[in-house]
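As structure tokens, the structure follows; a few thoughts come after it.
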Amino acid sequence: MLNKVIKLNLDDLLLYLCVEVGLFLLIQIIIGCVMKFGQPVDSILISGIVIPIIAGFLVVIAGIGHVTIVFDQALRFGQTRRRALGMTTGLLVFESAFALALAALLALAERYLSPPLWAALAGKGSWVVDYPGDLSALEDCLALSSFNLDWWWYPAILALAVAGGLILGAFIQRFGSKGGWIIWGIWMAVCLGPQLFGKQAMLIGDWNQYMAAAGSILAIGCLIWGLWSLLHAVVKE
């Protein structure tokens with residue numbers, strides 16, 4: 001049954017492909033223009049951080065849609081809640097794996113294909129990545145600083161994105177449009193809250209082990225509630 005659900009939603013992969021490749025090309029065009037017209041001596045490789053994070057957000061958004069559509073449809077067609085949840089989770093894991101694998105490939109493409117192009121656009125005869133010495137000592141060379149996520153971030157993003165999609169999807173599935181407005185309000189508070197409090201805002205880098213533990217417990221609690229809610233979901237007509 002899971003195979004059928006995946007086949008019915010294969011067109012979702014096109015969305016991941018278009019967004020991630022489009023973002024990758026946009027990054028390349030912007031940095032390429034800077035190289036051509038600015039002629040700098042250094043640059044950055046950032047697709048290895050930006051694209052995996054964007055991929056995670058895409059999976060969360062897709063998760064909301066799959067819970068409110070695929071999960072509900074499965075219930076209407078007589079599937080048990082447990083089986084419907086399993087199919088929805090399996091679909092999300094599949095799409096998340098695709099999105100993050102694509103992100104990793106694009107990061108590798110930037111790492112190995114972009115430096116020679118950028119060096120040529122900047123009028124440099126060579127390039128070097130993560131040069132540890134003094135950049136002023138380099139002659140006719142473009143120095144590149146690479147920013148990449150460690151390998152363990154990819155399964156972590158997969159798990160967080162799938163869990164986030166299930167939690168938010170369960171919230172909307174249970175509370176309807178009101179749940180959507182509440183999620184939007186929480187998101188805006190997170191985005192604008194630090195600006196309202198100024199220097200009193202707590203930055204992620206300021207978190208200690210106790211705050212990290214509290215955040216983890218809260219996230220696990222939300223996931224448990226989301227799973228419980230879906231396993232006790234009301235079949236909507």
Taking the side chain as everything from C-beta on, heavy atoms only, tell me whether [X] gets closer than 4.5 Å to [Y].
X      : Y      : answer
Phe94  : Leu10  : yes
Leu158 : Ser96  : yes
Leu168 : Val60  : yes
Arg111 : Leu45  : yes
Ile31  : Met35  : yes
Trp118 : Glu110 : yes
Leu113 : Leu117 : no

> Name the one of Asp72, Thr88, Asp12 that satisfies side chain to side chain donor-acceptor pair (under 3.5 Å) with His66?
Replying inline: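 The option that passes is Asp12.
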>> Under a 3.5 Å threshold, yes or no: a donor from one side chain and an acceptor from the other, between Gln173 and Ser229?
In response: no
> Any side-chain hydrogen bond (donor to acceptor under 3.5 Å, both in side chains) pairs touching residues 50-63, not counting sequence neighbours?
Replying inline: none
>> Using the rule side chain to side chain contact (heavy atoms under 4.5 Å, CB included), only one of Val162, Ile167, Leu218 pairs with Leu223; which is it?
In response: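 Going through the options one by one, the only one that passes is Ile167.
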> In a check of side chain to side chain contact (heavy atoms under 4.5 Å, CB included) between Leu15 and each of Val19, Leu17, Leu13, which one passes?
Replying inline: Val19
